[in-house]
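Report on the structure given below.
Here the structure is a predicted model, which means the values were calculated and not measured. Every chain is numbered from 1, with letters handed out A, B, ... down the list of sequences.
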Amino acid sequence: MGQKSKVVASFAEAVADIPDGSVIAFGGFAAPGTPYNLIMALLAQGARDLTCIANTTGGAHQPRMPDLGMLVENGQVRKVVCSFTAPGRPTDVLPFTKYYEAGEVEAELVPQGTLAERLRAAGCGIPAFYTPTGVGTEIAEGRETRVINGREYLLEYAMPVDYAFLRAHRADAAGNLQFRLSQRNFNPLMAAAARHVVVEVEEEILPIGSLDPDHIHTPGIFVQRLVRIPPEPEGLWPVRRKERVR
Amino acid sequence: MGQKSKVVASFAEAVADIPDGSVIAFGGFAAPGTPYNLIMALLAQGARDLTCIANTTGGAHQPRMPDLGMLVENGQVRKVVCSFTAPGRPTDVLPFTKYYEAGEVEAELVPQGTLAERLRAAGCGIPAFYTPTGVGTEIAEGRETRVINGREYLLEYAMPVDYAFLRAHRADAAGNLQFRLSQRNFNPLMAAAARHVVVEVEEEILPIGSLDPDHIHTPGIFVQRLVRIPPEPEGLWPVRRKERVR
Amino acid sequence: MSGTDKIGWSRQQMADRLAREFQDGWIVNLGVGIPTLCSNTDIGGREITYHAENGVIGYGPVLPEGQEDLHLVNAGGQNVSLNPGAAVVHHADSFGIIRSGRIDVTVMGAYEVACNGDFANWKVAGAKGGGIGGAMDLAACARRVYIILEHNTRSGAPRLVERCALPVTARGVVTLVATNLGLFEPLGEGFRLRELAPGVTLEAARAATGAALLAS
Amino acid sequence: MSGTDKIGWSRQQMADRLAREFQDGWIVNLGVGIPTLCSNTDIGGREITYHAENGVIGYGPVLPEGQEDLHLVNAGGQNVSLNPGAAVVHHADSFGIIRSGRIDVTVMGAYEVACNGDFANWKVAGAKGGGIGGAMDLAACARRVYIILEHNTRSGAPRLVERCALPVTARGVVTLVATNLGLFEPLGEGFRLRELAPGVTLEAARAATGAALLAS
């Protein structure tokens, strides 16, 4: 399998053909696994009317790294789907909030486990499932529920995406991916949920067959494009979190 | 975490307290990952009225290794849940068939992907989900279906189990497991679906913390008991498949 | 035994004919039995990734006796090798790949195929229980379902029929059928004949088929 | 600012009090903010496995500046260490652990807790949108939900109330509440007082609470 390399030369090339109106999922939970370089390339590429899926819209911390909020600020986003449309701590400020409150962008607020499971469902051909999360809360209002074995559950639907932008630690040229520690988070789920998967890779991309088949977090069959992240300052790398924006 | 060792000294000890009426899932797809030693121990232990879940009831090949069919022959089984209640090739013969046709054991026939997903659902707190598999067939007769985005799906429920009997390649004493190649199959799903997980381990059980946290297929929090498999003839190991029973 | 199951293509030739339909880059799932023979076919430089239900993505040839790795089998339980770039996932992820439509083609054996695209391969007449395995998931979800079967039963009855008499595996999914007599496409009203095996006449194929046969 | 948020337990003492409830072998999920302080508490030889929403099972203390591993954060984004025997899974498996009831206790902050076990911690009054994160999954599915919060708002209003005014995170789930004034259990009709912080009188606690307070 996979004797053809999926490596492309630049982030710009990797995102060049993303059309307006795309649904794009962005990996990452806090810094680890966030595709900073692909977000920067998408800012430059300029696709508009996007639906962007990620755990947060970002921007609560300094130094600020590329995030969904920047795509919103750049006028590229129609809708975000996140588990935070307000900051986790009310004392934080999200750059996104101003645009959301002004009605310039839509948002769908989804509990984090439901977000993960809806992506997983899309990647596994499960169109809908039941979950106990959110029952009896505002997010369940007007929604379909079902009692199973005496407990009430909420019906949730799969969340397929057009593109997944991921950041991985190691890859072979066939697109087999390994994530390091908490970098894994949403990344493998988004890979499976997407029709097209673009990955920024931290280490040198290895020849096909270099990775142990028992220890691959995302099989290469899910992946279309790989870009090696260059060293700083050309490439973007996580930095230590300094202070919170007040 | 997990500073207490989960290693027990013998297979007999590992299965000693399995009560009559238990629901037990057995890992394995063909030979790899099948807990031969735990099945042998359960045959000796004698618990009855069991519900046994596995991909097959076994016994289609020579040399015959411990399988669900032996538990059936030993009068310990009330019901099996499998993706094969008849052999995959009609020319094969299953030892189970005679008991099933005589009405001495019940069977629930489940498509293999649905079996895997029902176990996965139980392990992930999803009580029910929809799948396209089986729609329009005999297994969907009288069952609830739902049209989602124009396609018909079948409602399937989670399959929680009391015990999972697994075979792993490598483990640390905290119960973190690694499976080798196609040994993985149903094993991690059954681990998560079960309240009690008992594992036979092929390699020497390692000190806690010996395994790379990035490459653990079943986290130790799912596992209660580990038994190291002794060398042959005391321990049972997969053998090359010789010929088919005709 | 009827004559038709001894004329035309051999089992390997049926498999070869379907394998030549495989396109570069396809992910292919081969059922137990004759479909396995598709992996023997030389289809030039086209790269195929073979997927097995037990989560092996990118397996290669069956290994000769003595060289087997007993931790590695394909869906038929054969000890196979791994190709470079292979990956292993668990059973739920493996069927996630199937259900999400990533298998470009599944090739299966069957007892019957109907011209409406139904087919039956999990339960024989009068049996209690059956052998479903991964067949219903693959049949319902693969992008293409190819079937290999002998054109007639040992008693000479047609296996290509108007409507399946046996319990079906999935409805309306079969896209291509290879038998010893040739290559056929279910078209709803009948089967379109795409190709006859050497030495088989249209009349013989028509006589051996339990549904309308539309010459292409 | 009312007087009650300066008397009684400090934030660390509230966390300590709840942490002392943790039993040997528990799997614990700590929310962002004060709950994180529970991991500082010395609870003797009891072994606790800390689980974070991002799939880290068995993390340890926050690492000092310069020693961080930038690939590893807890749910609050802090760079933590790993304890021996730790394992990492993806987000769906991590929430599978939560939903399947394997978290023995989740400790969270809140704006309000009601004596019927409801609590609110994801949306402030009048806000458009909110910050749910993993809170709804944890609240609905953990075996025990412990809440840490100041007993009163800055303007002196009670946070322990008869019914939540804010949108709830989950209903009827809270099992134990630590505030600066003491330790409380929602009982349906009111809160049972399990323990008063030093220097706090029953009368002061009662006056500061927006629901019946039942002395134990």
Side-chain angles (χ1 to χ4, degrees), chain B residues 29-33 55-56 60-61 82-90 92 94 96-97 100-101 103 107 109-117 119-121 123-124 131-139 169 179-190 202 217-218 237-241, chain C residues 31-33 52-56 59 65-66 68-80 82 86 88-99 101 109 111 118 120-124 127-141 166-173:
Chain B
F29 181 95
N55 188 49
T56 71
H61 299 92
C82 293
S83 79
F84 292 94
T85 54
R89 307 181 213 227
D92 288 348
L94 298 185
F96 163 79
T97 301
Y100 184 41
E101 292 186 341
L109 181 59
V110 181
Q112 198 172 113
T114 300
L115 182 63
E117 190 66 11
L119 290 161
R120 190 267 172 193
C124 284
T131 179
T133 301
V135 168
T137 75
E138 190 178 292
I139 68 141
H169 186 57
F179 303 95
R180 191 168 169 272
L181 299 173
S182 79
Q183 184 184 57
R184 199 180 320 180
N185 60 69
F186 288 94
N187 279 297
L189 308 168
M190 290 173 170
E202 294 179 343
H217 299 131
T218 290
W237 295 79
V239 293
R240 197 169 303 123
R241 181 185 292 188
Chain C
V32 175
E53 287 92 313
N54 57 352
V56 184
Y59 70 85
E65 199 172 314
E68 302 98 331
D69 183 330
L70 295 183
H71 283 115
L72 182 61
V73 299
N74 64 11
Q78 298 170 299
N79 290 107
V80 290
L82 285 182
V88 177
V89 298
H90 63 47
H91 237 85
D93 282 348
S94 178
F95 279 84
I97 290 168
I98 292 170
R99 276 192 311 266
Y111 304 130
D118 296 355
N121 77 349
W122 68 277
K123 191 173 189 174
V124 295
K128 184 173 182 184
I132 298 177
M136 283 193 182
D137 300 276
L138 284 158
C141 304
L166 292 171
V168 301
T169 305
R171 296 200 177 275
V173 297

At a heavy-atom separation under 4.5 Å, does [X] approach chain B through its side chain, its backbone, both, or neither?
X: L138(C); answer: neither
X: T169(C); answer: backbone
X: A92(C); answer: both
X: V168(C); answer: both
X: L70(C); answer: both

Completion exercise
On a heavy-atom basis, the closest approach of K128(C) and E101(B) is CD-CA, 4.2 Å
Top of [options] for chain C proximity - count of heavy-atom pairs under 4.5 angstrom:
options: G113(B), G134(B), P238(B), A116(B); value: G113(B)
options: P132(B), A86(B), P188(B); value: A86(B)
options: T114(B), N187(B), T137(B); value: T137(B)

Output the distance between atom [atom1] ([X]) and atom [atom2] ([Y]), rounded to the nearest 0.5 Å.
X: T133(B); Y: I98(C); atom1: OG1; atom2: CD1; value: 8.5 Å
X: F186(B); Y: N54(C); atom1: CZ; atom2: CG; value: 9.5 Å
X: T131(B); Y: M136(C); atom1: OG1; atom2: CE; value: 11.5 Å

[options]: which one forms the most heavy-atom pairs within less than 4.5 Å of chain B?
options: A75(C), G31(C), A139(C), A120(C); answer: A75(C)
options: G130(C), G129(C), A127(C), G134(C); answer: G130(C)
options: V56(C), N79(C), D93(C), V32(C); answer: V32(C)
options: Q78(C), E65(C), R171(C); answer: R171(C)
options: V89(C), N74(C), N121(C), D137(C); answer: D137(C)

Problem - Within-4.5 Å side-chain heavy-atom neighbours: F29(B) and V73(C) - result: yes
Exercise for the section: Determine whether I132(C) and I139(B) make a side-chain contact, defined as any pair of heavy atoms from C-beta on separated by less than 4.5 Å. Expected result: yes
Exercise for the section: Could you give me the CA-CA distance, side-chain angles and deciding distance for H217(B) and H90(C), then say whether side chain to side chain contact (heavy atoms under 4.5 Å, CB included) is met? Expected result: CA-CA 9 Å; H217(B) 299 131; H90(C) 63 47; over 6 Å; no
Handout entry: chain C contact via P111(B) - side chain, backbone, both or neither, heavy atoms under 4.5 Å
Key = both
Handout entry: Which atoms of N55(B) approach chain C - backbone, side chain, both or neither, heavy atom under 4.5 Å
Key = neither
Handout entry: Salt-bridge present (R180(B), D69(C); N to O < 4.0 Å)
Key = yes
Exercise for the section: Determine, stepwise, if the pair L109(B) / W122(C) fulfils side chain to side chain contact (heavy atoms under 4.5 Å, CB included). Expected result: CA-CA 11 Å; L109(B) 181 59; W122(C) 68 277; 3.4 Å; yes
Handout entry: R184(B) side chain to V88(C) backbone, donor-acceptor under 3.5 Å
Key = yes
Problem - Aromatic ring proximity, centroids under 6.0 angstrom, H169(B) and H71(C) - result: yes
Fill in the blank from the handout: Sorted by chain and residue number, the ring-ring contact (aromatic ring centres under 6.0 Å, His included) partners of Y111(C) (sequence neighbours excluded) come out as none
Handout entry: No-hydrogen, no-angle side-chain donor-acceptor test under 3.5 Å, H91(C) and E117(B)
Key = no
